[in-house]
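In what follows, chains are A, B, ... by sequence order, proteins preceding strands, each numbered from 1. Keep in mind it's a predicted model, so treat the numbers as computed, not measured.
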Number of protein chains: 2
Amino acid sequence: MSPRNTELSRPDLVERALEIADAEGMTAVTVRRLAKEFGVTPMALYWHFANKDELLAAMGDSFYDSVALPADGAWDERLRAVTAALVTTLRRHPGAAHLALARVLSCDEGLDLSEATFAMLRAEGFSVIETADIARTALQTAASLVTQEAGAEVEHGSDKRDEVIEAKRKALAALPVERYPNVLECMECLTDTADEDEYYRFGVDLFVDGVRALHDRVRAESRA
Amino acid sequence: MSPRNTELSRPDLVERALEIADAEGMTAVTVRRLAKEFGVTPMALYWHFANKDELLAAMGDSFYDSVALPADGAWDERLRAVTAALVTTLRRHPGAAHLALARVLSCDEGLDLSEATFAMLRAEGFSVIETADIARTALQTAASLVTQEAGAEVEHGSDKRDEVIEAKRKALAALPVERYPNVLECMECLTDTADEDEYYRFGVDLFVDGVRALHDRVRAESRA
DNA sequence: ACCTGAACACCGTTCAAGT
DNA sequence: ACCTGAACACCGTTCAAGT
């Protein structure tokens with residue numbers, strides 16, 4: 001596409017791949033397409049990545065570069081803070097956000113984040129099993145919120161998103177009112193997120209509240 | 001592969017596709033592969049499905065055929081029951097479970113389930129936005145639990161799963177103890193789910209407890 | 001109604017070769 | 001050290017044709 005005006009590099013390739021994912025969906029992220037973007041033959045990428053999986057892994061890893069781990073405050077506030085921080089990074093590239101899930105325990109930055117979160121939860125009295133589950137759920141919650149946001153429709157790129165959403169809305173609107181009164185009542189919220197900040201706050205709260213309830217049970221049992 | 005001993009049909013194709021997904025991962029589910037399984041040319045499938053997306057949609061829809069919607073009990077017990085019921089169906093085909101997410105509001109059975117769940121939440125005083133978010137989270141929670149279960153490694157088929165998990169365990173075990181003491185302590189839980197029932201109970205509880213906490217807040221505010 | 005044959009525009013990946 | 005050319009075994013999908 002564009003003529004070679006710059007050398008290839010892993011970070012540049014990853015960045016461009018993330019942009020393509022957001023613009024046209026992950027299906028558009030192919031070795032050949034990426035090569036074309038850099039004005040280079042497909043096989044050139046194999047010098048920088050062993051294979052496509054390694055490219056996807058690098059894309060996943062990239063999210064953990066910019067996650068600030070909070071050190072102060074009560075444990076539940078810190079848990080909320082990591083979850084919110086994860087949401088923030090993943091939101092930068094919704095189309096590729098799910099790639100982060102498989103990489104938490106497979107890159108240094110992800111491991112650092114995990115270690116800090118684990119330490120916090122263990123110190124608060126959670127068992128190893130609970131700790132693993134809670135930390136996994138925190139990441140999963142962040143990824144789900146970003147990926148499943150109504151109106152995000154992350155599997156299609158930002159190019160075709162509007163028509164996909166419009167089609168979905170039309171399909172819902174055509175539903176029989178007698179049978180699906182509540183679905184129709186919720187139609188707006190199901191196809192569009194009116195207040196994004198509120199949406200993410202709600203989702204993170206739901207998770208943290210659940211953990212807090214569990215925490216209270218754990219404390220109650222240990223006192224008994 | 002096998003010679004044509006039976007006619008092609010949508011349900012048979014879907015069933016076989018789900019089996020392939022579990023055995024070898026979703027990447028193995030291709031039009032050509034599926035055709036080969038039925039001893040038929042790839043284009044034969046295009047009589048039964050408009051395209052591959054429609055096949056994937058039908059796979060996703062299939063999960064909602066067997067979800068029992070509970071009618072009695074307290075609202076939180078019913079919410080727990082739907083979530084658990086979702087877990088149960090999705091667990092039948094972990095490799096394809098994520099396909100159910102995009103289809104809740106796009107097939108009759110999914111819509112029926114949604115309508116019943118929405119009605120229950122609305123009757124309990126949740127707003128339309130809260131209702132939509134909670135219902136979405138219930139499904140997402142179920143899917144995540146199934147997909148992210150330690151030792152499930154759903155993206156690789158059941159054939160290569162063991163070596164992938166072994167590799168992951170080895171990588172974690174090689175980590176420096178000074179830097180990752182808590183990760184190492186949790187290693188077992190991160191690579192294997194010791195008690196599956198407990199794992200799912202924990203995950204569903206975490207979600208329902210979160211909703212209950214929210215519910216209490218809603219009630220407290222409406223009284224004020 | 002249901003399936004095939006041939007063809008097209010894509011994939012990821014190899015390997016030897018160029019500079 | 002970094003990239004190319006040619007080739008291979010795959011994809012999904014079309015369209016006209018067979019029965």
Side-chain angles (χ1 to χ4, degrees), chain A residues 1-21 23-60 95-96 98-99 102 155-157 159-160 164, chain B residues 1-21 23-60 95-96 98-99 102 155-157 159-160 164:
Chain A
M1 200 67 81
S2 51
R4 286 288 303 290
N5 41 15
T6 155
E7 304 310 310
L8 283 189
S9 74
R10 273 179 76 103
D12 288 351
L13 286 164
V14 167
E15 189 187 350
R16 197 85 196 80
L18 291 168
E19 290 168 7
I20 296 174
E24 301 169 45
M26 276 301 292
T27 55
V29 179
T30 69
V31 172
R32 298 178 110 103
R33 163 66 187 278
L34 201 49
K36 200 180 281 187
E37 297 260 344
F38 283 88
V40 111
T41 157
M43 299 74 75
L45 302 212
Y46 285 84
W47 179 261
H48 302 275
F49 299 96
N51 49 37
K52 192 182 176 181
D53 276 352
E54 207 177 282
L55 167 66
L56 298 179
M59 291 170 71
H98 73 275
L99 294 174
E155 60 275 19
H156 315 88
D159 45 355
K160 301 186 185 170
V164 172
Chain B
M1 200 69 78
S2 52
R4 286 288 302 292
N5 42 16
T6 157
E7 305 310 309
L8 283 187
S9 74
R10 274 178 75 104
D12 288 352
L13 286 164
V14 167
E15 189 188 350
R16 196 86 197 82
L18 290 168
E19 291 168 5
I20 296 174
E24 301 168 46
M26 276 301 292
T27 55
V29 179
T30 69
V31 172
R32 299 178 110 102
R33 163 68 186 277
L34 201 48
K36 199 180 281 186
E37 297 259 344
F38 283 88
V40 112
T41 156
M43 298 74 74
L45 301 212
Y46 285 84
W47 178 260
H48 303 275
F49 298 96
N51 48 39
K52 192 183 177 180
D53 277 352
E54 207 178 281
L55 167 66
L56 298 179
M59 292 171 70
H98 73 275
L99 294 174
E155 60 275 20
H156 315 88
D159 46 352
K160 302 187 185 169
V164 171

Inset, instruction - Give none if dG5(C) has no partner; otherwise give the nucleotide forming a Watson-Crick or G-U wobble pair with it, both distances under 3.5 Å. - result: dC15(D)

Inset, instruction - Quickly work out the K36(A) NZ to dC10(C) C1' distance and round it to whole Å. - result: 10 Å

Inset, instruction - Would you mind reading off the distance between L55(B) atom CG and dT13(D) atom P, rounded to a whole angstrom? - result: 10 Å

Legend entry - Main-chain N/O of H48(B) paired to R10(B) side chain as donor or acceptor, under 3.5 Å: yes

Legend entry - R32(B) side chain, from C-beta outward: closest of dT4(D), dC3(C), dA7(C): dA7(C)

Legend entry - L56(A) backbone acceptor or donor facing D53(A) side chain under 3.5 Å: no

Legend entry - Interatomic distance, H48(A) NE2 vs dT13(C) C1' [rounded to whole Å]: 16 Å

Legend entry - Between dG18(C) (P) and W47(A) (CH2): distance, integer Å: 17 Å

Inset, instruction - Check L34(B), L99(B), T30(B) against L55(B) for a side chain to side chain contact (heavy atoms under 4.5 Å, CB included) and give me the one that passes. - result: L34(B)

Legend entry - For atom CZ of R10(A) and atom C1' of dA1(D), their distance in whole Å: 16 Å

Inset, instruction - To the nearest Å, give me how far apart CG (L34(A)) and P (dC3(D)) are. - result: 13 Å

Legend entry - Separation of dC10(D) C1' from K52(B) NZ (nearest whole Å): 12 Å

Inset, instruction - By nearest nucleotide on DNA chain D, pick out whichever of P42(A) and T30(B) is the more 5' one. - result: P42(A)

Inset, instruction - Would you mind telling me which of dG12(C), dC3(D), dC3(C) lies closest to the side-chain atoms of V40(B)? - result: dC3(C)

Legend entry - Nucleotide dA16(D), atom C1' - distance to CE of M43(B) in whole Å: 12 Å

Legend entry - Any donor-acceptor pair under 3.5 Å from D12(A) side chain to E15(A) backbone: no

